[in-house]
Amino acid sequence: MARLAQTAGLTDIQQEILSTVRDFVDKEIIPVATELEHRDEYPQAIVDGLKELGLFGLMIPEEYGGLGESLLTYALCVEEIARGWMSVSGIINTHFIVAYMLKQHGTQEQKDHFLPRMAAGDIRGAFSMSEPALGSDVSAITSKAVKDGDEYVLNGQKMWLTNGGTSSLVAVLVRSDEGHPEGTAPHKSMTTFLVEKEPGFGEVRPGLTIPGKIDKMGYKGVDTTELIMDGLRIPADRVLGGVTGRGFYQMMDGVEVGRVNVAARGCGVAQRAFELGVRYAQQRHTFGKPIAQHQAIQFKLAEMATKVEAAHAMMVNAARKKDSGERNDLEAGMAKYLASEYCKEVVEDAFRIHGGYGFSKEYEIERLYREAPMLLIGEGTAEIQKMIIGRRLLEEYRFQG
């Protein structure tokens with residue numbers, strides 16, 4: 001086992017889970033990832049394998065058929081999977097966020113109905129906040145739900161749904177002014193709806209359309225889509241938690257753990273980039289010796305390895321903070337910010353080590369070079385993370401003058 005990115009204090013069960021996932025990544029993901037990515041092909045065989053391993057229920061409580069594991073265990077598994085192919089970790093992430101939101105905020109009926117099938121991987125989750133005219137400014141959401149008897153009628157357009165086509169359950173955040181007087185703060189008049197649908201594209205249920213996949217620079221294989229609601233009727237018992245007006249807080253809770261996930265993805269991609277760089281540096285010869293023996297390359301490898309270690313440590317700290325029951329938005333923001341920025345830098349350094357070959361699609365580093373930028377914006381841009389970090393620091397270090 002490599003020396004980098006080790007985690008102290010793991011139980012035997014955690015170590016066994018990670019060993020199983022690492023073996024699966026090395027045998028089932030890495031050998032096929034680049035080929036599937038170039039074809040933008042959904043990795044169905046890989047997803048089926050993850051389902052057999054029970055990873056879709058990793059954090060779902062045992063009473064609902066899951067493994068009942070911690071956020072730390074989940075994040076370390078994501079790190080391993082992203083080392084193989086980041087798109088696969090994205091397939092799990094959105095599913096996990098919806099399951100987490102149900103576990104934390106759902107009614108008992110909602111938990112009983114969804115969680116056992118989510119743990120088995122028979123229901124796949126996706127969540128939706130962004131819209132075409134907004135990303136980080138969640139308060140500007142215009143999609144709307146209007147009460148009509150025992151149902152709500154939803155209208156609007158959402159954007160950037162990971163698993164938008166392959167999912168069968170989408171947690172959708174919309175405005176719901178019912179019960180909230182005019183002038184109510186925007187974040188207090190938002191509601192999360194649990195929208196069930198058929199997997200696929202086109203009209204997947206009356207009033208709900210999932211157009212085709214968005215063509216992306218990287219992060220291929222996994223389907224990223226829009227979601228269009230036109231008179232979509234949803235029963236009132238599919239309001240997450242059974243009460244309107246709580247959607248913003250529910251989504252932010254989900255995004256907070258999602259940021260730990262993105263940090264873990266950054267760690268995994270950076271680890272793989274380092275592995276590729278250090279291996280190539282020992283194979284490529286210039287001026288009569290491997291380039292790894294040139295001081296300039298050794299300096300670069302030293303910087304890359306240090307960044308991998310630092311990002312991993314911050315990610316682990318953020319996950320353990322959340323597992324302890326404490327508020328972790330500061331730690332999650334720092335971990336997501338640092339891991340995504342360091343990932344970009346480590347990938348670029350590995351790309352530079354490969355020289356001209358790094359620009360060739362025959363080499364794996366070319367794929368990583370296109371994938372890393374997504375982590376800079378997923379679950380909130382670097383600027384958003386800095387805002388969160390700055391505000392929390394001012395809370396913690398308030399000057400008493």
Side-chain angles (χ1 to χ4, degrees), residues 1-30 46-47 49-86 88-100 103-104 115-116 118-121 254 256-272 274-275 308-328 331-332 334-336 338-339 343:
M1 185 182 297
R3 182 183 180 90
L4 292 182
Q6 298 301 299
T7 309
L10 297 181
T11 66
D12 291 342
I13 293 176
Q14 288 175 314
Q15 291 175 358
E16 183 178 348
I17 291 172
L18 287 174
S19 177
T20 300
V21 172
R22 187 178 299 115
D23 186 59
F24 181 84
V25 168
D26 288 338
K27 293 180 179 179
E28 306 296 335
I29 298 182
I30 290 177
I46 293 173
V47 171
L50 295 176
K51 180 179 176 179
E52 291 180 12
L53 291 178
L55 289 190
F56 283 99
L58 190 60
M59 277 192 68
I60 294 175
E62 293 182 13
E63 63 189 284
Y64 299 107
L67 298 179
E69 272 296 330
S70 64
L71 177 60
L72 175 62
T73 306
Y74 174 78
L76 294 175
C77 287
V78 166
E79 183 179 38
E80 289 293 340
I81 293 169
R83 186 179 68 87
W85 185 12
M86 192 185 71
V88 178
S89 63
I91 292 171
I92 295 176
N93 180 43
T94 50
H95 174 87
F96 155 69
I97 290 178
V98 177
Y100 174 83
K103 182 184 73 169
Q104 295 296 109
L115 288 181
M118 294 187 79
E256 191 172 287
V257 293
R259 284 176 179 145
V260 176
N261 173 286
V262 173
R265 283 197 253 179
C267 292
V269 174
Q271 284 181 48
R272 185 58 181 166
F274 174 80
E275 292 171 4
V308 168
E309 281 286 271
H312 176 83
M314 292 198 73
M315 178 271 290
V316 168
N317 180 57
R320 281 181 162 150
K321 191 87 168 179
K322 187 73 172 180
D323 284 333
S324 72
E326 297 181 66
R327 181 178 178 180
N328 87 325
E331 290 78 12
M334 285 181 168
K336 191 275 174 184
L338 190 81
C343 174

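Just the heavy atoms: all of them, side chains too, but no hydrogens, waters or symmetry mates, feed the values below.
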task: In sequence, state the C-alpha distance, the side-chain angles, and the governing distance for Leu10 and Leu72, and then conclude on side chain to side chain contact (heavy atoms under 4.5 Å, CB included).
output: CA-CA 9 Å; Leu10 297 181; Leu72 175 62; 4.0 Å; yes

field: Derivation of the side chain to side chain contact (heavy atoms under 4.5 Å, CB included) call for Ile60 and Tyr100
entry: CA-CA 7 Å; Ile60 294 175; Tyr100 174 83; over 6 Å; no

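Partners of Lys321 under the side-chain hydrogen bond (donor to acceptor under 3.5 Å, both in side chains) rule, at least two apart in sequence or in another chain, are Glu326. Remark: His312 pairs with Thr7, Glu79 by the side-chain hydrogen bond (donor to acceptor under 3.5 Å, both in side chains) rule, at least two apart or across chains. Evaluation of the side-chain hydrogen bond (donor to acceptor under 3.5 Å, both in side chains) rule for Glu256 yields Lys322 as partners, not counting sequence neighbours.
Residue Asn328 comes nearest to Ala318 through the heavy atom pair ND2-O, 3.0 Å, listed as atom of the first residue, atom of the second, then distance. Heavy atoms only, all atoms of each residue included: Ala339 and Ala311 are closest at CA-CB, 3.9 Å. Scanning all heavy atoms of the two residues, the minimum distance from His95 to Phe56 falls at NE2-O, 3.1 Å. Ala119 and Tyr64 make their closest contact through CB-O, 3.8 Å (heavy atoms, listed as atom of the first residue, atom of the second, distance). Nearest heavy-atom pair across Ala335 and Met314 is CB-O, 3.6 Å. Nearest heavy-atom pair, Ala75 versus Val260, reported as atom, atom and distance to 0.1 Å: CB-CG1, 4.1 Å.
Ser70 has its side chain within reach of Gln14: a pair of non-hydrogen atoms, C-beta onward, lies under 4.5 Å apart. Side-chain contact check for Asn93 versus Val78: every heavy-atom pair is 4.5 Å or farther apart. The shortest distance between side-chain heavy atoms of Met315 and Leu338 does not fall below 4.5 Å. At a threshold of 4.5 Å between non-hydrogen side-chain atoms, the residues Lys103 and Met59 count as touching. Side-chain contact check for Trp85 versus Ile30: every heavy-atom pair is 4.5 Å or farther apart. Side chains of Ile92 and Leu58 form no contact here, defined as non-hydrogen atoms less than 4.5 Å apart. Within the 4.5 Å cutoff, the side chain of Leu55 has heavy atoms near those of the Ile81 side chain.
If you take SG on Cys343 and CZ on Arg272, they are separated by 13.5 Å, rounding to the nearest 0.5 Å. We find the CZ-CD1 distance between Arg22 and Ile29 to be 13.0 Å, quoted to the nearest 0.5 Å. Atom-to-atom distance recorded for Ile91:CD1 and Met86:CE is 11.0 Å, nearest 0.5 angstrom. The CG atom of Leu76 sits 9.5 Å away from atom SG of Cys267, with the distance rounded to the nearest 0.5 Å. One distance of note links CD of Glu309 with CD of Gln6; it measures 8.0 Å at 0.5 Å rounding. With rounding to the nearest 0.5 angstrom, the CG atom of Leu18 is 5.0 Å from the SG atom of Cys77.
Only one option out of Ile46, Val47, Val25 pairs with Val88 in a side chain to side chain contact (heavy atoms under 4.5 Å, CB included); it is Ile46.
Around CD of Gln15, the count of heavy atoms belonging to other residues, nucleotides or ligands within 6.0 Å exceeds 12.
At least one donor-acceptor pair closer than 3.5 Å links the side chain of Thr20 to the backbone N or O of Glu16. Between the side chain of Glu69 and the backbone N or O of Leu67, no donor-acceptor pair lies under 3.5 Å. Between the Asp323 side chain and the Leu71 main chain, a donor and an acceptor come within less than 3.5 Å of each other.
Between Lys27 and Asp23 there is a salt bridge, since at least one side-chain N of the basic residue sits less than 4.0 Å from a carboxylate O of the acidic one. Salt bridge status for Arg83 with Glu275: present, with a side-chain N to carboxylate O gap under 4.0 Å.
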